[in-house]
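Report on the structure given below.
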Amino acid sequence: MSEEVRDDLKYTETHEWLKITDTAAQIGITDHAQSELTDIVFVELPEVGKEVKKGDELCVVESVKSVSEIYAPISGRISRVNEKLEDSPETINESPYDDGWLVELEITDNSEINTLLDADSYKKTM
Amino acid sequence: MVLKSPLYKVHEELGARFTEFAGFEMPIQFSSIKDEHIAVRKSVGLFDVSHMSNVWIIGKYAEKLISLTTVEEASKIDVGKSQYTEILRENGTVIDDTIFMHLKKGKYMIIPNAGMNEIITNWLKDKAEEHNLDVKIEDVSREYVILAVQGPKSRDTLQKLTDTDLKSIGFFACQYIDIAGANCIISHTGYTGELGFELQITPSEKAKDVFYKIMEAGKEFDIKPIGLGARDTLRLEKCFILAGNEFEGGRTPLEATLGWTVNWDHDFIGKDALLKQKEKGDFERLTKLKCMGKGIPRHGCEIQKDGKTVGKVTSGTLSPCLGIGIAMAYVHPDYRKVGDKLDILIRGKPIEAEVVKPPFVDKEWAQSN
């Protein structure tokens, strides 16, 4: 099985991806993460407007057998959540980098971006 | 030490993901828990359950020993019959639940749970000695591979591999059989609530061939290898006990709503304690809960009524057939009538759930879905 890693995204060692545009970041879990979790059957999303610090719990993704907490890779204010996932959590399995995104953040500390991995460095962690 | 099934390599070849369960590294899933689950409900699946134990109880007093150490009166179980029962401590709590197979007069095989073989073997030996019962008790767990073929197409699949008419083997019947070129023990039992059979195969080297032959015979029904993940969701939809969860911390058959398995007309270890508990009546009982709101209950979740704790979840999952959260939980006797509404605390948030009659998924599900 070949797992996709996209060149235009930033990553964390814990298998989240971030699409960074100016002051905002869209966040999801990587192809590798969805494949490890297997069938995702439930997603608990945060409330829009909530402030999170890097390392805070961002959301919860559950498969039939497991519960996984997703932690904020950077600090920010939640500006959007992917509500579609509440009815179709399997979208994360089907499209981890596009339709299966989790949340969008307004970035509060730009310096934290430097702590993220680029695609090549992320590939090396796997 | 982590033990592996003799079929470990076969599972690897089939692309299994593994998990550790009761000291064994076993497949948790091959394709997807949901797909495997539905395959068993609608067609057929093949499970390797070699992590379960096999213990022989043989001799003139074998029947007496089983009657003494289980809630069943063994004399009621004829040759050729299997029986589900529990082995209790003096205080009435369950050491293990098990099936025993009466294969020949005075010859029984019991199937304790994974990792329970030594505990049960020693317990039975001790009790035989204490009561002067001359019985041969032999732990042969590592000599057997156990395969379970489960699902509405299980009989059609296995029938291709044997001359014995499988329709002649009734529910909870057992016998020796030649199947797929191996002589093994077959029992019309299972842990899925579907039509199904369990095979005890020895020597275990033969089992690989049997496994592949069953997969081949089931091809026309899209047979799937099934991991422990779907085994758990299948049993939970039918409200079957998982010993490690539902007996955790010491529970009696009455608490576990297994009173129907107790034969009160004989003396057995733990009976006095059960009688006392029955008389008192004020004990928590295993309760089946269906979530009304979104959320998946898990082992350890608290149950509340109007903010007051009234119970705890022992097993919970998302039901692959129903698409909703289901749970079994020990609940205070005042709050467990069918239709009662309770809250299950999931990550601190109350999710409303309703007490329902077991099972969560009935026989008709596969026909209407």
Side-chain angles (χ1 to χ4, degrees), chain A residues 1-4 14-15 29-50 52-53 55-72 78 81-96 99-100 102-103 126, chain B residues 14-21 26-41 226-237 242 245 291 293-301 313 315-327 344-351:
Chain A
M1 268 186 288
S2 72
E3 287 159 355
E4 189 188 2
T14 49
H15 312 289
I29 62 170
T30 66
D31 193 22
H32 174 75
Q34 72 76 21
S35 153
E36 283 295 306
L37 287 168
T38 71
D39 294 329
I40 292 167
V41 292
F42 184 76
V43 181
E44 193 175 280
L45 296 163
E47 271 170 44
V48 172
K50 189 181 164 192
V52 291
K53 279 211 265 321
D56 285 354
E57 187 183 301
L58 197 59
C59 38
V60 177
V61 175
E62 296 191 47
S63 68
V64 177
K65 287 299 284 181
S66 68
V67 181
S68 304
E69 280 115 16
I70 311 292
Y71 298 101
I78 311 276
V81 297
N82 189 358
E83 278 166 17
K84 213 184 111 188
L85 297 178
E86 287 176 353
D87 291 321
S88 319
E90 69 280 3
T91 311
I92 300 175
N93 294 117
E94 290 156 5
S95 175
D99 297 342
L102 294 167
V103 300
M126 287 158 56
Chain B
L14 290 166
R17 288 165 193 255
F18 292 89
T19 188
E20 202 190 317
F21 177 74
M26 295 298 286
I28 184 154
Q29 66 183 84
F30 292 86
S31 46
S32 119
I33 292 176
K34 268 167 124 179
D35 292 353
E36 290 168 29
H37 182 106
I38 301 299
V40 174
R41 286 275 180 262
I226 314 290
L228 293 187
R231 183 168 161 83
D232 190 45
T233 53
L234 286 160
R235 69 95 192 167
L236 190 42
E237 282 186 343
L242 175 62
N245 287 18
C291 289
K294 276 193 177 179
I296 307 173
R298 305 281 186 186
H299 177 85
C301 286
V313 172
S315 293
T317 190
L318 180 97
S319 157
C321 287
L322 306 176
I324 54 160
I326 56 171
I344 303 178
L345 284 199
I346 302 177
R347 288 183 290 279
K349 257 188 269 170
I351 304 293

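Residue numbers start from 1 in every chain, and the chains themselves are labelled A, B, ... in the order their sequence lines are given, proteins ahead of strands.
- Rounding to the nearest 0.5 Å places CD1 of B:Ile324 at 13.0 Å from CZ of A:Phe42.
- You'll find the side chain of B:Arg17 reaches within 4.5 Å of the side chain of A:Thr38, heavy atoms only.
- Taking a 6.0 Å sphere around CD of A:Glu4, one finds it holds more than 12 heavy atoms contributed by other residues, nucleotides or ligands.
- Ion pairing between B:Lys294 and A:Glu44 fails under the 4.0 Å rule for side-chain N and carboxylate O.
- Heavy-atom distances place both the backbone and the side chain of B:Ser32 under 4.5 Å from chain A.
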Problem - Verdict with reasoning, B:Arg347 to A:Glu57, per salt bridge (charged side-chain N to carboxylate O under 4.0 Å, His left out) - result: CA-CA 12 Å; B:Arg347 288 183 290 279; A:Glu57 187 183 301; 5.2 Å; no
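- The distance from atom OG of A:Ser63 to atom CD1 of B:Ile296, rounded to the nearest 0.5 Å, is 8.0 Å.
- Heavy atoms of B:Lys349 lying under 4.5 Å from chain A belong exclusively to its side chain.
- Neither the backbone nor the side chain of A:Asn93 comes within less than 4.5 Å of any heavy atom of chain B.
- Between B:Gln29 and A:Lys65 the shortest side-chain heavy-atom distance does not fall below 4.5 Å.
- Here the OG-CD1 distance, from A:Ser66 to B:Ile28, works out to 8.0 Å after rounding to the nearest 0.5 Å.
- When heavy atoms are compared at a cutoff of 4.5 Å, A:Glu36 approaches chain B by way of both its backbone and its side chain.
- Not one N or O on the side chain of B:Lys34 forms a donor-acceptor pair closer than 3.5 Å with the backbone of A:Val41.
- The ring-ring contact (aromatic ring centres under 6.0 Å, His included) test applied to A:His15 returns A:His32, A:Tyr122, not counting sequence neighbours.
- When all heavy atoms of A:Val64 and B:Leu318 are compared, the closest pair comes out as CG1-O, 4.5 Å.
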